[in-house]
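Only heavy atoms go into these numbers, but all of them, side chains included; no hydrogens, no water, no symmetry mates. FYI, the numbering just counts along the sequence from 1.
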Amino acid sequence: MESLTLSNTVLAMHQSQYLPWAPYFRKMALADTFVLMDNVQYQKNGVQNRNQINSNNGPLWLTVPVSGSLKDTIEQKQPIDSKWKKKHIQSIRSSYGKAPFFKRYFDDIAQRINDTEGSLHNINFALINYFRSIFLIKNKLVLLSELNVSSKKNQLVVDTCLQTQCAIYLSGVGAKAYLAHDDFQANNLTLRFLNNELNTYHQMHREKASGLSILDWLMQDEIESIIDYLHKPGEYHYES
């Protein structure tokens with residue numbers, strides 16, 4: 001790859017996910033460019049096609065059933081049928097129908113679940129774009145499939161930084177162990193790690209839970225509280 005002049009801007013990237021949790025959107029909001037990884041391998045039992053909400057009976061998985069091979073990418077994965085849509089919409093309604101902000105957001109979310117067709121990524125993308133809009137995330141969003149990057153693992157991240165001309169890569173602390181820091185240094189790239197800290201908020205259900213989809217917070221708290229959390233600069237750990 002030819003030499004590029006890097007700007008002092010921040011890149012973050014993550015796999016396309018279904019109804020992600022709050023730290024996903026926080027990392028997105030704190031970047032100048034966010035690359036949504038749509039053409040990477042699908043991970044079985046991950047959160048690319050499922051996530052948890054809370055219900056009267058405790059945490060509940062909402063899963064988009066998909067067909068195909070484990071070698072498929074997220075954008076290649078297709079839902080088995082459309083029956084899951086009605087089930088998810090009903091589960092959200094029964095879980096949060098009495099939540100303070102249910103009426104404000106339910107119809108928009110149900111419409112995107114019900115109307116979006118095509119691949120698993122298409123469904124994820126429609127919902128992610130909706131959340132970006134209401135959370136005032138206005139940075140640049142790029143699909144990995146739109147970039148000229150074909151490498152894997154650590155080199156994929158390095159090449160994406162170079163391709164987008166971003167000099168700082170913002171990562172969750174969970175990736176600290178497997179990112180090859182020397183590869184970033186060799187390309188004049190800085191690693192910045194963000195803790196997955198979560199704000200507490202009132203949960204209406206008897207059984208409290210953590211690590212839930214952003215839906216849980218959205219339905220039960222003022223959106224201004226979520227926006228403040230997402231856009232507030234974090235406590236970073238640097239490795240240059």
Just do the side-chain contact (heavy atoms from CB on, under 4.5 Å) check on Phe101 and Leu218 with the steps written out, would you? CA-CA 7 Å; Phe101 301 98; Leu218 181 66; over 6 Å; no
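- For the atom pair CE (Met28) and CZ (Phe131), the distance works out to 10.5 Å, reported to the nearest 0.5 Å.
- Side chain of Gln52 to backbone of Leu212: no donor-acceptor contact under 3.5 angstrom is found.
- When the side chain to side chain donor-acceptor pair (under 3.5 Å) test is applied to Ser145, the partners found at least two apart in sequence or on another chain are Asp38.
- Val47 and Val173 fall into different hydrophobic clusters, where Ile, Leu, Val, Met, Phe, Trp and Tyr side chains are chained together by heavy-atom contacts under 4.5 Å.
- A distance-only check finds no donor-acceptor pair linking the side chain of Arg192 to the backbone of Ser171 [under 3.5 Å].
- In this structure the side chain of Met13 never reaches within 4.5 angstrom of the side chain of Leu170, judged on heavy atoms.
- Counting heavy atoms of neighbouring residues, nucleotides and ligands inside a 6.0 Å radius, atom NZ of Lys86 does not exceed 12 of them.
- The nearest pair of heavy atoms linking Lys208 to Met204 is NZ-C, 4.3 Å.
- Judged by distance alone, the side chains of His205 and Asn56 do bring a donor and an acceptor atom under 3.5 Å apart.
- Test Asn124, Thr73, Asn49 against Ser16 for side-chain hydrogen bond (donor to acceptor under 3.5 Å, both in side chains) and you get one pass: Asn124.
- Taking all atoms of both residues into account, the shortest heavy-atom contact from Ala209 to Gln203 is O-NE2, 2.9 Å.
- Two residues are said to be in side-chain contact when any heavy atoms from C-beta on lie closer than 4.5 Å; Asn114 and Ile89 meet this criterion.
- To the nearest 0.5 angstrom, Ile113 atom CD1 is 13.0 Å from Lys87 atom NZ.
- Within the 4.5 Å cutoff, the side chain of Asp32 has no heavy atoms near those of the Leu11 side chain.
- Note: Asp107 CG to Arg112 CZ = 11.0 Å, rounded to the nearest 0.5 Å.
- Side-chain contact between Leu144 and Leu156: present, with at least one pair of heavy atoms (C-beta onward) separated by less than 4.5 Å.
- Ring to ring, Tyr96 and Phe106 are not that close: their centroids are 6.0 angstrom or more apart.
- Every pair passing ring pair (Phe, Tyr, Trp, His ring centres under 6.0 Å) that includes a residue from residues 56-84 is listed here, sequence neighbours excluded: Trp84-His88.
- Rounded to the nearest 0.5 Å, atoms CD (Gln185) and CG (Asn188) are 9.5 Å apart.
- With hydrogens and angles disregarded, no donor-acceptor distance shorter than 3.5 Å links the side chain of Ser133 to the backbone of Asn129.
- Of the possible donor and acceptor atoms, one in the side chain of Ser69 sits under 3.5 Å from a partner among the backbone N and O of Lys71.
- At a cut-off of 3.5 Å, with distance as the only test, no side-chain donor of Asp216 or Asn54 sits close to an acceptor on the other residue.
- A side-chain contact (heavy atoms from CB on, under 4.5 Å) with Ile168 is found for exactly one of Val10, Leu191, Thr9, Leu189, namely Val10.
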Output, in order, the C-alpha distance, side-chain angles, deciding distance and verdict of side-chain contact (heavy atoms from CB on, under 4.5 Å) for His121 and Leu143. CA-CA 11 Å; His121 167 67; Leu143 298 181; 3.7 Å; yes
Mind running side-chain contact (heavy atoms from CB on, under 4.5 Å) on Phe125 and Thr116 for me, showing each step along the way? CA-CA 9 Å; Phe125 195 37; Thr116 306; over 6 Å; no
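- In this structure, Thr33 contributes its side chain and Lys140 its backbone to no donor-acceptor pair below 3.5 Å.
- Considering only heavy atoms from C-beta on, Tyr178 stays 4.5 Å or farther from Asn154 through its side chain.
- Under a hydrophobic clustering in which Ile, Leu, Val, Met, Phe, Trp and Tyr are joined whenever their side-chain heavy atoms come within less than 4.5 Å, directly or via other members, Tyr105 and Leu136 fall into the same cluster.
- Arg26 forms a cation-pi arrangement with Tyr229, by the criterion of a distance under 6.0 Å to the ring centre and an angle within 45° of the ring axis.
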Let me see the working for Tyr42 and Gln76 under side-chain contact (heavy atoms from CB on, under 4.5 Å), right down to the final yes or no. CA-CA 9 Å; Tyr42 168 79; Gln76 290 172 331; over 6 Å; no
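- To the nearest 0.5 Å, atom CG of residue Leu62 and atom OG of residue Ser95 are 7.5 Å apart.
- Nearest heavy atoms, Ser91 versus Ile53: O-CD1, 4.0 Å.
- Across every non-hydrogen atom of Gln15 and Tyr24, the tightest pair is O-OH, 2.9 Å.
- Here the CG atom belonging to Leu127 is positioned 6.0 Å from the OH atom belonging to Tyr18, to the nearest 0.5 angstrom.
- With no hydrogens or angles considered, no side-chain donor-acceptor pair links Asp159 and Gln163 at under 3.5 Å.
- Of all heavy-atom pairs between Ile223 and Ile134, the closest is CD1-O, 3.3 Å.
- Residues Ile214 and Trp21 are not in side-chain contact: their nearest non-hydrogen atoms beyond the backbone lie 4.5 Å or more apart.
- For Gln220 (side chain) and Trp217 (main-chain N/O), no donor-acceptor pair under 3.5 Å exists by modelled atom type.
- Using a 4.5 Å cut-off on side-chain heavy atoms (C-beta onward), His231 and Ile137 make contact.
- The two atoms that bring Glu207 and Pro59 nearest to each other are OE2-CD, 3.5 Å, heavy atoms only.
- Lys77 places no side-chain N or O within donor-acceptor distance of the main-chain N or O of Ser119, the cut-off being under 3.5 Å.
- With a 4.5 Å cut-off on side-chain heavy atoms, Phe193 and Tyr169 do not count as touching.
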